[in-house]
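Throughout, a chain's letter reflects where its sequence line sits, starting with A, and its residues are numbered from 1.
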There are 4 protein chains.
Amino acid sequence: MASSAQRAGGADKRRMILDAAVVAFATRGFHACRVSDIADQANVAYGLVYHYFRSKDEVLDTLFLERWNVLLEVIAEIDGHPLPAREKLHAIASFIIDSYRHDPDLMKVIIVEVTRAANSFGRTHLAKIREAYELIADIVGKAQADGSFRSEVTPTFAALAFYGAIEQVLTGWIFDTLPQGEAEFDQAKAFIVETICGGLDANRPSTRPV
Amino acid sequence: MASSAQRAGGADKRRMILDAAVVAFATRGFHACRVSDIADQANVAYGLVYHYFRSKDEVLDTLFLERWNVLLEVIAEIDGHPLPAREKLHAIASFIIDSYRHDPDLMKVIIVEVTRAANSFGRTHLAKIREAYELIADIVGKAQADGSFRSEVTPTFAALAFYGAIEQVLTGWIFDTLPQGEAEFDQAKAFIVETICGGLDANRPSTRPV
Amino acid sequence: MASSAQRAGGADKRRMILDAAVVAFATRGFHACRVSDIADQANVAYGLVYHYFRSKDEVLDTLFLERWNVLLEVIAEIDGHPLPAREKLHAIASFIIDSYRHDPDLMKVIIVEVTRAANSFGRTHLAKIREAYELIADIVGKAQADGSFRSEVTPTFAALAFYGAIEQVLTGWIFDTLPQGEAEFDQAKAFIVETICGGLDANRPSTRPV
Amino acid sequence: MASSAQRAGGADKRRMILDAAVVAFATRGFHACRVSDIADQANVAYGLVYHYFRSKDEVLDTLFLERWNVLLEVIAEIDGHPLPAREKLHAIASFIIDSYRHDPDLMKVIIVEVTRAANSFGRTHLAKIREAYELIADIVGKAQADGSFRSEVTPTFAALAFYGAIEQVLTGWIFDTLPQGEAEFDQAKAFIVETICGGLDANRPSTRPV
DNA sequence: GATGAATGAGGCTTCATTCAT
DNA sequence: TATGAATGAAGCCTCATTCAT
């Protein structure tokens, strides 16, 4: 599990500050984290943060956008492959969960401080966050169109449920209310997909014609 | 849709302050909301807030606990009825969504400032929040035991997925990324249950024997 | 050692409040002591304090003046007796030290919050406090006039030194930097008088004629 | 008489703040003095006080310790010289009184807000304050051992009486109940020593053998 | 007399941000 | 680039006091 700080290859101070911010934000939370905490973590003077970023907010914005854009690209790329929808969803869940596995601090910051903090940063990035929902909804919609998914539920709701399940699981790991580890990570991917795609009912009511 | 402020029947200043806080927190967010905003909204003097509550935090704590305890009781009560698990889940989703329908500000505050704000108040109330998950997991577990639910997924994961889906939908309404209205509320209840219980797959893989 | 609270004979609420204030002020200090602390200690509602006293200040003023006036009377009375100056000083030191012995909380409040707090209450009562110095100075002055005390030092200075010594000793007891007990109390009286009257020098330089 | 503010030679803002605090504390008293008063007096921004000091308290602590440590060193140094005890006491009284002469505001703050304010700052610095008493008591004790001082009184009491006399005199100057001026300063030194060492009695009772 | 709800002024402290060097 | 001294707005909370009952 590579720590955020280790990602800084050389003397790129901007990168060092970003990586330090991940640790600082994850440790103290964005609000409680002072700019000087970031600078201390990065071993630079705190004025330097303002050399590279307009504000403390911009540091978090940058962190979020860097990662979220990767997520969007990955989802799009997954969707480009000729896979069954269920496998596409599994691939998406895998990517997100593996992101947490590889850099839990960064995912903690993104989820806790942005994605789930709709009143502060989430507000700013609402549109960006929705893009992910919509890409997922697209996958569902196309699967419904080709008959591999049932049409009982709108793609939008299906996407919300899918993403909501992932976020709840990540939150459980982040705040240690759910056991985590290699086995749990892979199990979670399977369970989330199984719940959303397979459903809980033992005897499913016959599918209504749409 | 009854606003929080209107609920105060008489001259109970404590209640008035709590109701005013709902409006104030919902409007500006907990952090951005000053104690004087609450007092102004309640039409009482600044200091009176501190006569009834030790701190601004305690106001939110009180608001959350009042409502969350009702939720816990309702879930327990629902579970007490001899209903199919699917209907129990529908009843729970109904209660939560109707809570939003009847007092959107209060639910907004609880979800945005507590339930989804794991870094601040959520942390404090983590145990309380988990109680709800566990009650839901119990329902799932018992349904798996009696064969009405499949056992592909652990009750814990099922509960997370179920609650996660509800929370995402509420968040969508709260931040206006999802259309809301009477029809949408009832539809959402059905969709959430259908997604979690029915699953998305048109042709479900045969259930593994437990 | 009679505690302040026990002095309240009957249901005299005013007296109960004053006695409670002694305990409260002694325990928390005047500034840190809230009006409600006094009321709690007296087992009355705190509004009642304002029925009997105009302000929190007036409570302390009352406490101080009650006792200080007794001191002034006692000094005057002692001075009225046909005693050697040295014995008069011993009687004064005795009265003050016994006051502490009988009600340490009250003396603590008077010394810590008034007499030694020249920037707050001492300022208000400066004139009253000086009266004591002047009565003592009078005793010294008369003794110098009749030849029983030397005239090397002005009566004013002698009085300051005498009272200053007493206050330092009381302060030592109050803040537990000096051992206290029955033996120490009587010893202190003797030592203070011996220091001021006898002097420390083994071989005193011959007295200069005035 | 150099005012505290004038002592700041250059642009050392920390020093300027400390010197300004002396003036501000002396003028309004510690409690009534706002941090902004200090900043205004120092002509710096509000927040700079917090750049150099953790709190308003720390400003006073610093002021006290700076000066009191000098006092302790001076007493120790005086005691190091081969002087008669009486002259050592005179030197100590001289140093303290001259401290007041050279910077009355600083001494006012130290005495009124720390040394005589045993309920607030004095409490914190009790041990430090006692160190001075003990150094003085040492001088007395050694003089008693070599026979130059009588042993009627314990060194501890003698030290309390000596320091108490000085403090009373300074308090008299600080609150203008005692005339002050060059002549008075020198006279006070002599009078205090004369009172404590020479004693007031014209005919001293014969010294008891120890 | 007695209660305690209601009032509201006042100040310490934090910390993001700027800027001279 | 890099530093960290300097700025100052903003808000929580305390608590003496008032007053209706």
Pairing pattern in dot-bracket form [Watson-Crick, G-U; both distances under 3.5 Å; | = partner strand] for DNA chain E: .||||||||||||||||||||

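- Put simply, CG on D:Asn43 is 12 Å from P on F:dG8, counting in whole angstrom units.
- At least one side-chain nitrogen or oxygen of C:Lys13 sits closer than 4.0 Å to the OP1 or OP2 atom of E:dA2.
- Atoms CE (A:Met16) and C1' (F:dA2) sit 13 Å apart, rounded to a whole Å.
- For B:Arg28 and F:dC12, the CZ to P distance is 10 Å, given to the nearest whole Å.
- Residues A:Ile174 and A:Ile111 form a side-chain contact, since some pair of their non-hydrogen atoms from C-beta on lies under 4.5 Å apart.
- Rounded to whole Å, atom C1' of F:dA6 lies 16 Å from atom CZ of D:Arg14.
- Listed nucleotides: E:dT7, F:dA6, E:dA2. Nearest to the side chain of B:Leu48: E:dT7.
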Atom pairs, N/O to N/O, protein against nucleotides 16-18 of chain E, distance under 3.5 Å?
unit_1	atom_1	unit_2	atom_2	d
E:dA16	OP1	A:Lys56	NZ	3.1
E:dA16	OP2	A:Val35	N	2.8
E:dT17	OP2	A:Tyr50	OH	3.0
E:dT17	OP2	A:Lys56	N	3.0

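- A salt bridge links B:Asp37 and B:Arg34; the closest N-O separation between the charged side-chain nitrogens and carboxylate oxygens is under 4.0 Å.
- A donor atom on one side chain and an acceptor atom on the other are found under 3.5 Å apart for A:Asn69 and A:Lys128.
- The NE2 atom of D:His51 sits 17 Å away from the P atom of E:dC19 (whole-angstrom rounding).
- Contact of the B:Val59 side chain with the B:Tyr52 side chain is not registered, since no non-hydrogen atoms from C-beta on lie closer than 4.5 Å.
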side-chain hydrogen bond (donor to acceptor under 3.5 Å, both in side chains) assessment of C:His125 paired with C:Asp61: CA-CA 8 Å; C:His125 297 295; C:Asp61 286 341; 2.8 Å; yes

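- Atom pair B:Tyr52:OH and F:dC13:C1' shows a separation of 18 Å (rounding to whole Å applied).
- Contacts of B:Phe53 with the nucleic acid, taken as non-hydrogen atoms under 4.0 Å apart, are absent.
- In this structure, B:Phe175 and A:Arg123 have side chains that are in contact, with non-hydrogen atoms separated by less than 4.5 Å.
- Of all heavy-atom pairs between C:Ile17 and C:Ala42, the closest is CA-CB, 4.2 Å.
- Each of C:Val44 and B:Val49 was matched to the nucleotide of DNA chain E holding its nearest heavy atom; the match closer to the 5' end belongs to C:Val44.
- Relative ring orientation between B:Phe30 and B:Phe121 is described as perpendicular, the plane-to-plane angle rising above 60° on a 0-90° scale split at 30° and 60°.
- Using a 4.0 Å cut-off between a side-chain N of Lys or Arg and a carboxylate O of Asp or Glu, A:Glu66 and A:Arg15 qualify as a salt bridge.
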